[in-house]
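In what follows, a structure is listed as structure tokens, so that the remarks can point back to it.
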Amino acid sequence: MKIAVAGTGYVGLVAGVCFAEKGHNVICVDVDEKKVEIMKKGISPIYEEGLQELMQKNCKEGRIDFTTDYKSAYKNAEVIFIGVGTPEMPDGSVNLEYIEKVSRQIAENIENDCLVVVKSTVPVGTNDNVEQIINSCLVHNVKVEVASNPEFLSQGQAVKDTLEAKRIVIGTESKNAEEILRKIYEPFNLPIVSVSRRSSEMIKYASNDFLALKISYMNDIANICELVGANIDDVENGMSYDPRIGSNFLHAGIGYGGSCFPKDTKALKYLAKQNGYRLRTVEAAIDVNKEQKIKLFKKAKERMITFKDLKIAILGLTFKAGTDDLREAPSLDNIAELLNAGANKIYAYDPVGMNNCKKIYPTEINYVSSPEETLKEANICFIFTEWNEIKKIKPIVFKELMKTPIVYDGRNVYDLDEMKENGIEYYSIGRN
Ligand code: UDX
């Protein structure tokens with residue numbers, strides 16, 4: 001099929017590349033000329049395992065191309081996927097300006113009947129608005145339908161999550177739209193859940209917010225474990241045997257970050273409020289997460305009194321391992337708190353996240369090229385991301401390199417006894 005994809009962020013680019021890999025003819029559209037130039041050379045603008053290889057393969061075999069020329073890209077497309085950003089507004093609502101802009105551009109340029117598919121995460125009812133905008137701005141006499149097809153990819157394994165998705169959710173209001181989407185996904189050979197557009201939009205939020213809630217629940221339990229002398233690792237393990245609970249997404253830690261959970265929890269809370277309802281479970285997840293993110297900083301502040309002139313070692317900056325993304329990363333909340341509290345000697349290491357962090361803190365942080373360099377002569381260390389490079393640091397290394405081996409671990413990387421045996425003052429989450 002001839003597919004155009006609007007937006008080449010995580011959602012659009014990964015979808016486009018995977019559609020090409022499955023044999024479709026794909027043109028990816030983005031407004032950023034520099035980015036398009038890079039992508040045309042087969043270079044991925046984001047760090048995502050396997051993506052660049054697939055881009056290069058499909059570029060070479062002529063199934064995917066990149067352009068800023070949306071007019072010709074949309075003109076004869078059979079299906080147009082919208083994967084542009086839906087950022088958060090200060091009040092927690094979703095900024096739909098890019099979705100609306102693309103909808104108008106589509107309407108003004110399509111010359112054939114076409115199915116427009118909204119892949120971006122959008123509040124329930126947005127597909128209806130997209131349809132209205134398109135129908136009111138159409139220039140040519142063509143028939144356009146709109147469908148919802150949310151993605152569930154997790155950063156760091158986006159390609160795998162797309163090619164081997166647990167399910168494909170499609171939300172349509174006509175048999176024709178459903179059939180087109182089924183045809184596109186036929187070569188993927190994956191379970192398809194076909195529902196109405198509004199249910200499809202809701203499945204995305206309900207899924208993400210459920211996972212966020214699960215994490216906040218475990219963080220809440222971890223906090224009480226600390227108070228009553230239980231160990232969250234053991235509690236997690238004991239819970240995980242129950243198939244009704246499951247064993248995934250039970251890790252307590254420094255709180256969830258990233259481009260989805262923080263935004264999507266706030267968006268659903270807002271949507272509920274707009275409809276006269278209080279979504280108290282999701283509100284609780286948001287509140288717990290806000291506090292969880294700076295829990296270790298608060299502990300450290302009590303212990304250290306001041307951070308001025310202390311060498312602070314930071315291990316890990318990204319919101320999780322396997323990505324260079326720093327959006328809503330707990331490290332950023334902690335760095336802001338540390339700087340506010342007078343920290344003036346912060347040394348950070350992250351295997352791929354330092355360049356993005358430099359854009360936020362160009363001078364306030366010393367970026368170094370190895371964990372050892374960070375730890376050398378440090379007075380205190382924070383572990384914010386569970387990178388393998390960081391997990392494999394032996395406890396003795398903290399003892400040998402640091403001036404005072406005081407470690408605050410937001411990812412529960414180390415064994416309590418082992419840290420104690422190595423003479424390290426070690427604080428983690430929910431463990432005694
Ligand atoms: C998430 C969803 O998993 C994905 O389905 C959706 O499409 C987009 O949002 P992503 O943001 O890439 O994906 O990251 P994910 O791996 O889900 O982790 C989110 C956050 O939760 C991270 O900060 C991670 O460290 C944290 N987390 C995850 C925990 O604290 N504990 C866990 O057990 C799992």
Side-chain angles (χ1 to χ4, degrees), residues 9-12 14-15 18 46-49 51 83 85-86 88 119-122 149-162 164-169 200-201 203-223 232-233 235-237 239-240 245-268 285-286 288-293 295-296 316-334 350 353 383-387 390-391 409-413 428-430:
Y10 276 95
V11 176
V14 175
C18 291
I46 50 172
Y47 172 82
E48 198 56 58
E49 204 183 324
L51 184 61
T86 48
E88 181 186 320
K119 222 177 203 329
S120 312
T121 302
V122 290
N149 171 222
E151 52 72 32
F152 299 92
L153 61 84
S154 178
Q155 284 175 225
Q157 46 183 63
V159 172
K160 187 172 183 287
D161 281 354
T162 305
E164 299 166 31
K166 294 282 176 284
R167 81 300 207 185
I168 306 289
V169 173
S200 169
E201 291 168 322
I203 287 171
K204 169 70 191 198
Y205 279 109
S207 301
N208 267 8
D209 289 14
F210 180 75
L211 294 171
L213 189 55
K214 205 172 173 187
I215 296 167
S216 272
Y217 177 74
M218 290 309 284
N219 285 334
D220 225 8
I221 295 292
N223 294 340
I232 191 67
D233 289 349
V235 173
E236 176 191 333
N237 183 37
M239 289 168 69
S240 70
I245 295 172
S247 59
N248 294 322
F249 272 73
L250 287 181
H251 293 311
I254 197 167
Y256 58 77
S259 63
C260 294
F261 290 171
K263 172 167 79 83
D264 295 349
T265 42
K266 285 181 222 157
L268 198 56
I286 297 169
V288 168
N289 199 57
K290 197 171 168 212
E291 282 183 27
Q292 194 70 13
K293 279 177 145 185
K295 193 179 146 70
L296 285 182
L317 292 164
T318 55
F319 81 92
K320 64 171 188 179
T323 175
D324 64 350
D325 201 333
L326 258 90
R327 282 176 287 177
E328 302 277 344
S331 66
L332 297 182
D333 299 74
N334 285 279
D350 187 287
I383 300 175
F384 291 138
T385 320
E386 71 286 23
W387 285 102
I390 292 168
K391 286 202 286 193
D409 177 3
R411 301 292 180 167
N412 287 0
V413 170
S428 54
I429 306 282

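Counting convention: from 1, in listed order, for ligands and their atoms alike.
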Tell me, do [X] and [Y] make a side-chain contact under 4.5 Å, heavy atoms counted?
{"X": "Leu326", "Y": "Leu332", "result": "yes"}
{"X": "Ser240", "Y": "Leu250", "result": "yes"}
{"X": "Thr162", "Y": "Glu151", "result": "no"}
{"X": "Ile254", "Y": "Ile383", "result": "no"}
{"X": "Val159", "Y": "Glu49", "result": "no"}

Work out whether the distance between some heavy atom of [X] and some atom of ligand 1 is less than 4.0 Å.
{"X": "Gly257", "result": "yes"}
{"X": "Gly258", "result": "no"}
{"X": "Arg411", "result": "yes"}

Just to confirm my output: which protein heavy-atom neighbour is closest to [atom], and how far is it?
{"atom": "atom 26 (C) of ligand 1", "result": "Ile215 CD1, 3.9 Å"}
{"atom": "atom 22 (C) of ligand 1", "result": "Phe319 CD1, 3.6 Å"}
{"atom": "atom 12 (O) of ligand 1", "result": "Gln155 N, 2.6 Å"}
{"atom": "atom 33 (O) of ligand 1", "result": "His251 N, 2.9 Å"}
{"atom": "atom 9 (O) of ligand 1", "result": "Cys260 CB, 3.1 Å"}
{"atom": "atom 18 (O) of ligand 1", "result": "Lys320 CD, 4.0 Å"}
{"atom": "atom 4 (C) of ligand 1", "result": "Leu153 O, 3.3 Å"}
{"atom": "atom 20 (C) of ligand 1", "result": "Tyr256 CB, 3.6 Å"}

Based purely on interatomic distance, does Glu386 place a nitrogen or oxygen under 3.5 Å from a nitrogen or oxygen of ligand 1?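 Looking only at distances, the answer is no, because the N/O contact criterion of under 3.5 Å is not met.
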Check ion pair Glu328-Lys293 (N to O, under 4.0 angstrom): yes
Under 4.0 Å from ligand 1, counting heavy atoms only, is it the side chain of [X], its backbone, both or neither?
{"X": "Lys204", "answer": "side chain"}
{"X": "Thr323", "answer": "neither"}
{"X": "Met218", "answer": "neither"}
{"X": "Ile254", "answer": "neither"}

Crowding at OH, Tyr217 (>12 non-hydrogen neighbours, <6.0 Å):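 It does not: Tyr217 OH has 12 such atoms or fewer within range.
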Reference residue His251; test side-chain hydrogen bond (donor to acceptor under 3.5 Å, both in side chains); the match among Lys214, Glu236, Arg411: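 For His251, the side-chain hydrogen bond (donor to acceptor under 3.5 Å, both in side chains) check succeeds only for Glu236.
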Testing Asp161, Asp324, Thr323 for side-chain hydrogen bond (donor to acceptor under 3.5 Å, both in side chains) with Gln155, which one passes? Thr323
Set of residues satisfying ring pair (Phe, Tyr, Trp, His ring centres under 6.0 Å) with respect to Phe319, sequence neighbours excluded: none
Which residues pass the side chain to side chain contact (heavy atoms under 4.5 Å, CB included) test with Asn223, not counting sequence neighbours?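 Once residues adjacent in sequence are excluded, the partners of Asn223 under the side chain to side chain contact (heavy atoms under 4.5 Å, CB included) criterion are Gln292, Lys295.
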Need the ligand 1 atom indices (1-based, order shown) with element for anything under 4.0 Å from a heavy-atom of Glu151.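 So the answer, numbered in order with elements, is 7 (O).
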